[in-house]
Enquirer: 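Got a structure for you, questions after.
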Amino acid sequence: ACDEFTGHVINLLREQSRSRPISPAEIELMVGIIRRKFRAIETQLKQSTCEAVMILRSRFLDARRKRRNFSKEATEVLNEYFYSHLANPYPSEEAKEELAKKCGITVSQVSNWFGNKRIRYKKNIVKAQEEANMYAAATAAAAAAASSSTSGPGQSASVDEHSVGYGHSGYDYDESMGLQRAVPQLSCSTDHEAWMAGGITPSSMDEPDRKRSKL
DNA sequence: ATTCATGATTGGTT
DNA sequence: AACCAATCATGAAT
(Lines give C-alpha, C1' and ligand atoms only; values in the text may rest on other atoms or scores of the structure.)
Protein backbone atom coordinates (compact mmCIF):
# COMPACT_ATOMS: atom_id res chain seq x y z
CA ALA A 1 0.00 0.00 0.00
CA CYS A 2 2.80 2.29 0.87
CA ASP A 3 4.52 1.62 -2.43
CA GLU A 4 1.30 2.09 -4.29
CA PHE A 5 0.72 5.45 -2.71
CA THR A 6 4.26 6.63 -3.32
CA GLY A 7 3.86 5.56 -6.93
CA HIS A 8 0.86 7.79 -7.27
CA VAL A 9 2.68 10.68 -5.73
CA ILE A 10 5.61 10.20 -8.04
CA ASN A 11 3.31 10.25 -11.02
CA LEU A 12 1.74 13.45 -9.81
CA LEU A 13 5.10 15.07 -9.36
CA ARG A 14 6.12 14.05 -12.85
CA GLU A 15 3.01 15.64 -14.24
CA GLN A 16 3.75 18.81 -12.37
CA SER A 17 7.30 18.78 -13.61
CA ARG A 18 5.99 19.94 -16.97
CA SER A 19 4.83 23.24 -15.61
CA ARG A 20 7.49 23.53 -12.95
CA PRO A 21 10.98 22.13 -12.80
CA ILE A 22 11.25 19.43 -10.15
CA SER A 23 14.56 17.85 -9.27
CA PRO A 24 14.92 14.12 -8.68
CA ALA A 25 16.27 14.96 -5.26
CA GLU A 26 12.98 16.61 -4.44
CA ILE A 27 11.14 13.45 -5.42
CA GLU A 28 13.42 11.36 -3.28
CA LEU A 29 12.73 13.63 -0.36
CA MET A 30 9.02 13.29 -0.86
CA VAL A 31 9.28 9.54 -1.00
CA GLY A 32 11.28 9.52 2.18
CA ILE A 33 8.69 11.59 3.99
CA ILE A 34 5.91 9.35 2.79
CA ARG A 35 7.74 6.23 3.81
CA ARG A 36 8.34 7.51 7.31
CA LYS A 37 4.79 8.64 7.69
CA PHE A 38 3.55 5.22 6.66
CA ARG A 39 5.81 3.47 9.11
CA ALA A 40 4.61 5.69 11.90
CA ILE A 41 0.96 5.11 11.09
CA GLU A 42 1.58 1.41 10.75
CA THR A 43 3.09 1.02 14.17
CA GLN A 44 0.51 3.23 15.77
CA LEU A 45 -2.25 1.18 14.21
CA LYS A 46 -0.63 -1.99 15.36
CA GLN A 47 -0.41 -0.67 18.88
CA SER A 48 -3.96 0.54 19.12
CA THR A 49 -5.46 -2.63 17.69
CA CYS A 50 -3.36 -4.63 20.08
CA GLU A 51 -4.67 -2.60 22.96
CA ALA A 52 -8.20 -2.99 21.76
CA VAL A 53 -7.78 -6.74 21.54
CA MET A 54 -6.42 -6.88 25.05
CA ILE A 55 -9.33 -4.85 26.36
CA LEU A 56 -11.86 -7.01 24.58
CA ARG A 57 -10.23 -10.13 25.87
CA SER A 58 -10.38 -8.96 29.44
CA ARG A 59 -13.96 -7.94 28.83
CA PHE A 60 -15.02 -11.33 27.59
CA LEU A 61 -12.76 -13.93 29.10
CA ASP A 62 -12.45 -12.16 32.38
CA ALA A 63 -16.17 -12.08 32.49
CA ARG A 64 -15.78 -15.23 34.50
CA ARG A 65 -14.42 -13.42 37.48
CA LYS A 66 -17.11 -10.86 37.05
CA ARG A 67 -20.11 -12.07 38.89
CA ARG A 68 -23.55 -10.97 37.92
CA ASN A 69 -26.39 -12.18 40.06
CA PHE A 70 -28.99 -14.28 38.35
CA SER A 71 -32.41 -12.87 37.89
CA LYS A 72 -35.03 -13.40 40.52
CA GLU A 73 -36.95 -15.66 38.20
CA ALA A 74 -33.91 -17.76 37.50
CA THR A 75 -33.15 -18.39 41.14
CA GLU A 76 -36.82 -19.04 41.63
CA VAL A 77 -36.77 -21.79 39.04
CA LEU A 78 -33.56 -23.26 40.36
CA ASN A 79 -34.75 -23.25 43.92
CA GLU A 80 -37.99 -24.80 42.88
CA TYR A 81 -36.16 -27.67 41.27
CA PHE A 82 -33.74 -28.01 44.13
CA TYR A 83 -36.34 -28.22 46.83
CA SER A 84 -38.65 -30.45 44.90
CA HIS A 85 -35.76 -32.85 44.46
CA LEU A 86 -34.29 -32.34 47.86
CA ALA A 87 -33.78 -36.03 48.33
CA ASN A 88 -31.58 -36.22 45.31
CA PRO A 89 -30.71 -32.79 44.02
CA TYR A 90 -28.56 -33.95 41.15
CA PRO A 91 -30.17 -32.94 37.90
CA SER A 92 -29.29 -34.98 34.88
CA GLU A 93 -27.56 -33.43 31.96
CA GLU A 94 -30.88 -33.10 30.27
CA ALA A 95 -32.50 -31.50 33.24
CA LYS A 96 -29.59 -29.12 33.48
CA GLU A 97 -30.08 -28.07 29.90
CA GLU A 98 -33.73 -27.56 30.52
CA LEU A 99 -33.06 -25.43 33.57
CA ALA A 100 -30.36 -23.53 31.77
CA LYS A 101 -32.70 -22.66 28.95
CA LYS A 102 -35.43 -21.69 31.33
CA CYS A 103 -33.11 -19.47 33.32
CA GLY A 104 -31.18 -17.96 30.50
CA ILE A 105 -27.88 -19.24 31.80
CA THR A 106 -25.43 -21.91 30.74
CA VAL A 107 -25.36 -25.52 31.87
CA SER A 108 -22.12 -25.03 33.71
CA GLN A 109 -23.73 -22.18 35.54
CA VAL A 110 -26.54 -24.51 36.49
CA SER A 111 -23.99 -27.04 37.67
CA ASN A 112 -22.19 -24.37 39.64
CA TRP A 113 -25.42 -23.27 41.18
CA PHE A 114 -26.36 -26.75 42.29
CA GLY A 115 -22.90 -27.36 43.61
CA ASN A 116 -23.04 -24.22 45.66
CA LYS A 117 -26.58 -24.83 46.71
CA ARG A 118 -25.96 -28.37 47.90
CA ILE A 119 -22.95 -27.48 49.95
CA ARG A 120 -24.49 -24.35 51.36
CA TYR A 121 -27.70 -26.09 52.14
CA LYS A 122 -25.88 -28.80 53.98
CA LYS A 123 -24.03 -26.23 56.02
CA ASN A 124 -27.09 -25.00 57.76
CA ILE A 125 -29.49 -27.77 58.11
CA VAL A 126 -29.74 -26.81 61.69
CA LYS A 127 -30.54 -23.27 61.05
CA ALA A 128 -33.70 -23.05 59.16
CA GLN A 129 -33.80 -23.88 55.57
CA GLU A 130 -37.24 -22.47 55.84
CA GLU A 131 -36.84 -21.78 52.22
CA ALA A 132 -37.53 -25.44 51.81
CA ASN A 133 -40.96 -25.04 53.22
CA MET A 134 -41.60 -22.00 51.14
CA TYR A 135 -40.93 -23.85 47.96
CA ALA A 136 -42.46 -27.02 49.23
CA ALA A 137 -45.60 -25.11 49.97
CA ALA A 138 -45.52 -23.51 46.59
CA THR A 139 -45.21 -26.76 44.73
CA ALA A 140 -47.64 -28.42 47.07
CA ALA A 141 -50.12 -25.70 46.33
CA ALA A 142 -49.66 -26.28 42.67
CA ALA A 143 -50.12 -29.98 43.13
CA ALA A 144 -53.13 -29.40 45.33
CA ALA A 145 -54.64 -27.13 42.76
CA ALA A 146 -54.39 -29.94 40.30
CA SER A 147 -56.23 -32.36 42.56
CA SER A 148 -58.62 -29.96 44.18
CA SER A 149 -61.83 -31.02 42.64
CA THR A 150 -64.60 -32.92 44.40
CA SER A 151 -63.46 -33.68 47.88
CA GLY A 152 -64.06 -30.64 49.96
CA PRO A 153 -61.63 -29.51 52.60
CA GLY A 154 -58.55 -31.35 51.52
CA GLN A 155 -56.60 -28.21 51.22
CA SER A 156 -52.98 -27.67 51.51
CA ALA A 157 -50.99 -27.02 54.59
CA SER A 158 -50.27 -23.61 55.85
CA VAL A 159 -47.02 -21.85 55.87
CA ASP A 160 -46.42 -21.90 58.75
CA GLU A 161 -45.58 -21.40 62.36
CA HIS A 162 -42.18 -22.48 63.30
CA SER A 163 -40.80 -19.58 65.18
CA VAL A 164 -37.34 -20.87 65.41
CA GLY A 165 -36.15 -17.99 67.43
CA TYR A 166 -33.64 -16.22 65.30
CA GLY A 167 -31.61 -15.84 68.39
CA HIS A 168 -29.86 -19.14 67.82
CA SER A 169 -30.69 -20.42 71.21
CA GLY A 170 -31.94 -23.94 70.98
CA TYR A 171 -30.60 -26.98 69.36
CA ASP A 172 -33.43 -27.85 67.09
CA TYR A 173 -32.19 -30.89 65.39
CA ASP A 174 -35.59 -32.44 65.42
CA GLU A 175 -37.13 -29.58 63.69
CA SER A 176 -34.58 -29.48 61.01
CA MET A 177 -35.13 -33.12 60.35
CA GLY A 178 -38.79 -32.46 60.32
CA LEU A 179 -38.28 -29.82 57.77
CA GLN A 180 -36.41 -32.13 55.59
CA ARG A 181 -39.04 -34.75 55.65
CA ALA A 182 -41.81 -32.26 55.30
CA VAL A 183 -40.79 -31.88 51.74
CA PRO A 184 -42.67 -33.83 49.17
CA GLN A 185 -40.21 -36.09 47.54
CA LEU A 186 -41.14 -37.89 44.45
CA SER A 187 -37.65 -39.07 44.31
CA CYS A 188 -36.91 -41.72 41.84
CA SER A 189 -33.50 -41.68 43.26
CA THR A 190 -30.68 -43.03 41.29
CA ASP A 191 -27.29 -42.57 42.71
CA HIS A 192 -26.28 -40.08 45.27
CA GLU A 193 -29.06 -41.31 47.46
CA ALA A 194 -27.05 -40.64 50.52
CA TRP A 195 -25.99 -37.16 49.74
CA MET A 196 -26.94 -36.05 53.20
CA ALA A 197 -25.85 -39.28 54.74
CA GLY A 198 -25.92 -39.71 58.44
CA GLY A 199 -23.97 -36.83 59.70
CA ILE A 200 -26.29 -34.06 60.42
CA THR A 201 -24.27 -31.70 62.49
CA PRO A 202 -20.86 -32.28 61.10
CA SER A 203 -18.92 -29.82 63.09
CA SER A 204 -21.65 -27.36 63.53
CA MET A 205 -21.25 -24.20 65.32
CA ASP A 206 -18.94 -23.45 68.16
CA GLU A 207 -15.33 -23.00 67.97
CA PRO A 208 -12.93 -21.81 65.47
CA ASP A 209 -15.41 -22.13 62.76
CA ARG A 210 -15.05 -18.60 61.73
CA LYS A 211 -16.18 -19.40 58.28
CA ARG A 212 -18.43 -17.19 56.35
CA SER A 213 -21.82 -18.30 55.40
CA LYS A 214 -24.64 -17.60 57.65
CA LEU A 215 -28.27 -17.70 56.81
C1' DA B 1 -16.44 1.06 55.01
C1' DT B 2 -18.10 -3.44 56.75
C1' DT B 3 -20.55 -7.27 56.30
C1' DC B 4 -23.35 -10.61 54.09
C1' DA B 5 -24.83 -13.12 49.87
C1' DT B 6 -23.64 -15.48 45.89
C1' DG B 7 -21.57 -16.87 41.32
C1' DA B 8 -17.07 -18.60 39.84
C1' DT B 9 -12.61 -20.86 40.40
C1' DT B 10 -9.40 -24.15 42.25
C1' DG B 11 -7.57 -28.42 44.15
C1' DG B 12 -8.37 -32.70 45.58
C1' DT B 13 -11.40 -37.01 45.89
C1' DT B 14 -14.25 -40.67 44.29
C1' DA C 1 -16.21 -36.66 34.56
C1' DA C 2 -18.91 -35.06 38.28
C1' DC C 3 -18.60 -33.75 42.77
C1' DC C 4 -17.27 -31.49 47.08
C1' DA C 5 -14.97 -28.22 49.94
C1' DA C 6 -12.53 -24.15 50.43
C1' DT C 7 -11.62 -19.83 48.64
C1' DC C 8 -11.94 -15.85 45.75
C1' DA C 9 -14.19 -11.69 44.10
C1' DT C 10 -18.05 -8.89 43.46
C1' DG C 11 -22.94 -7.15 44.25
C1' DA C 12 -26.06 -5.68 47.56
C1' DA C 13 -27.39 -4.43 52.17
C1' DT C 14 -26.14 -2.24 56.57
Enquirer: Applying a 3.5 angstrom cut-off to the pairing atoms, does DNA chain C sit in any stems of at least three consecutive Watson-Crick or G-U pairs? List them by first number.
Expert: B:1-14 with C:1-14

Enquirer: With sequence neighbours excluded, tell me which residues meet ring-ring contact (aromatic ring centres under 6.0 Å, His included) with F114(A).
Expert: Y81(A)

Enquirer: Considering residues at least two apart in sequence or located in another chain, which fulfil the side chain to side chain contact (heavy atoms under 4.5 Å, CB included) criterion with T106(A)?
Expert: S108(A), Q109(A)

Enquirer: Specify the separation, in whole Å, of atom CG of N79(A) and atom P of dA5(B).
Expert: 15 Å

Enquirer: Detail all sub-3.5 Å separations between protein N/O atoms and N/O atoms belonging to nucleotides 12-14 of chain C.
Expert:
{"unit_1": "dA12(C)", "atom_1": "OP1", "unit_2": "R68(A)", "atom_2": "NH2", "d": "3.2"}

Enquirer: Output all residues satisfying side chain to side chain contact (heavy atoms under 4.5 Å, CB included) with S19(A), sequence neighbours left out; order by chain, then residue number.
Expert: none

Enquirer: Go through the structure and list residues passing side chain to side chain contact (heavy atoms under 4.5 Å, CB included) with E76(A), not counting sequence neighbours.
Expert: Y135(A)

Enquirer: Which pairs count as ring-ring contact (aromatic ring centres under 6.0 Å, His included) when at least one residue sits in residues 9-35 of chain A, sequence neighbours excluded?
Expert: none

Enquirer: Could you say whether P91(A) or N116(A) is positioned toward the 5' end of DNA chain C, judged by the nucleotide with the nearest heavy atom to each?
Expert: P91(A)

Enquirer: So, OP1 or OP2 of dG7(B): does either fall under 4.0 Å of a side-chain N or O from K117(A)?
Expert: no

Enquirer: Looking only at heavy atoms, which two atoms of N88(A) and W195(A) are closest? And how far apart?
Expert: N-NE1, 4.4 Å

Enquirer: Through direct or indirect side-chain contacts below 4.5 angstrom among Ile, Leu, Val, Met, Phe, Trp and Tyr, which residues connect to L29(A)?
Expert: I33(A)

Enquirer: Measure CZ/R120(A) against P/dC4(B) and give the value in whole Å, please.
Expert: 15 Å

Enquirer: Please report the distance, rounded to the nearest Å, between NZ in K122(A) and C1' in dA6(C).
Expert: 13 Å

Enquirer: Once side chain to side chain contact (heavy atoms under 4.5 Å, CB included) is applied, do any residues pair with E97(A), and if so which ones, sequence neighbours excluded?
Expert: E93(A), V107(A)

Enquirer: Are K96(A) and dC3(C) close enough that a side-chain N or O sits under 4.0 Å from OP1 or OP2?
Expert: yes

Enquirer: Only distances under 3.5 Å count here; give the side-chain donor-acceptor pairs of residues 5-12 of chain A to other protein atoms, sequence neighbours excluded, each with its distance to 0.1 Å.
Expert:
{"unit_1": "T6(A)", "atom_1": "OG1", "unit_2": "C2(A)", "atom_2": "O", "d": "3.2"}
{"unit_1": "T6(A)", "atom_1": "OG1", "unit_2": "D3(A)", "atom_2": "O", "d": "2.7"}

Enquirer: Expressed in angstrom and rounded to an integer, what is the separation of I119(A) atom CD1 from dC8(C) atom C1'?
Expert: 16 Å

Enquirer: To the nearest Å, how far apart are Y121(A) OH and dC3(C) C1'?
Expert: 19 Å

Enquirer: Does a donor on one side chain sit under 3.5 Å from an acceptor on the other, for E73(A) and S71(A)?
Expert: yes

Enquirer: Once you round it to whole Å, what is the distance between C1' of dC4(C) and NZ of K123(A)?
Expert: 10 Å

Enquirer: Specify the separation, in whole Å, of atom CG of L78(A) and atom C1' of dA5(B).
Expert: 16 Å

Enquirer: Can you list, by residue number, the residues of residues 101-115 of chain A that have a non-hydrogen atom closer than 4.0 angstrom to DNA chain B?
Expert: Q109(A), N112(A), W113(A)

Enquirer: Using a 4.5 Å cut-off between side-chain heavy atoms of Ile, Leu, Val, Met, Phe, Trp and Tyr, which other residues end up in the same hydrophobic cluster as L45(A)?
Expert: none

